[in-house]
Asks: 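Input: one structure, supplied below.
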Amino acid sequence: LGVLIQNWGSPGDQPSARHEEGSETLLLVFNSSLESRTFRLPDLSRSEPWQELLNTAEPPSTVDSVEPRTLQVPPQALVMLCPAKRRPLG
């Protein structure tokens, strides 16, 4: 299951203040299977790669850039991504 969340913010925020393309975009990819699964990443009309923020199947390490348009997600894992040039968390 993949969930794309765009332009999230506080309910009182003005849409124009948070609508810069890609500024508030997260992609959550869930694999509840007992086997690895390949997910096709959405194209957001930019050539930027996705940036991996979290992978529950991997120990914490440096943040990886995801260049291909597909992502191999390990069994029973959650992967959180954002566009590489924007980091909505932290």
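Positions are given from 1 along the sequence.
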Asks: Mind checking what makes side chain to side chain donor-acceptor pair (under 3.5 Å) contact with Thr38, not counting sequence neighbours?
Replies: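 Side chain to side chain donor-acceptor pair (under 3.5 Å) list for Thr38, sorted by chain: Gln72.
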
Asks: Considering non-hydrogen atoms only, spot the tightest contact between Pro74 and Ser36 and give its length.
Replies: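 Closest heavy-atom pair between Pro74 and Ser36: CA-OG, 3.7 Å.
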
Asks: Which of these passes side-chain contact (heavy atoms from CB on, under 4.5 Å) with Leu71: Asn55, Asn31, Val79?
Replies: Val79

Asks: Would you give the length of the straight line joining atom CG of Leu1 to atom CZ of Phe39, rounded to the nearest 0.5 angstrom?
Replies: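 If I round to the nearest 0.5 Å, the distance is 7.5 Å.
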
Asks: Can any side-chain N or O of Thr56 pair as donor or acceptor with the backbone N or O of Leu78 at less than 3.5 Å?
Replies: yes

Asks: To the nearest 0.5 angstrom, please state how far the CZ atom of Arg69 sits from the CG atom of Asp43.
Replies: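 With rounding to 0.5 Å, CZ (Arg69) is 5.0 Å from CG (Asp43).
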
Asks: Go through it in stages, so that I can follow the logic: the residues are Phe30 and Val3, the test is side-chain contact (heavy atoms from CB on, under 4.5 Å), and I'd like the CA-CA distance, side-chain angles, deciding distance and then a yes or no.
Replies: CA-CA 8 Å; Phe30 303 89; Val3 179; 4.2 Å; yes

Asks: Out of curiosity, Leu81 CG to Thr25 OG1, how far, rounded to the nearest 0.5 Å?
Replies: 11.5 Å

Asks: To the nearest 0.5 Å, what is the distance between CD1 on Ile5 and CE on Met80?
Replies: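 The CD1 atom of Ile5 sits 8.5 Å away from the CE atom of Met80.
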
Asks: Looking at CG of Leu26 and SG of Cys82, how far apart are the two atoms once the value is rounded to the nearest 0.5 Å?
Replies: 6.5 Å

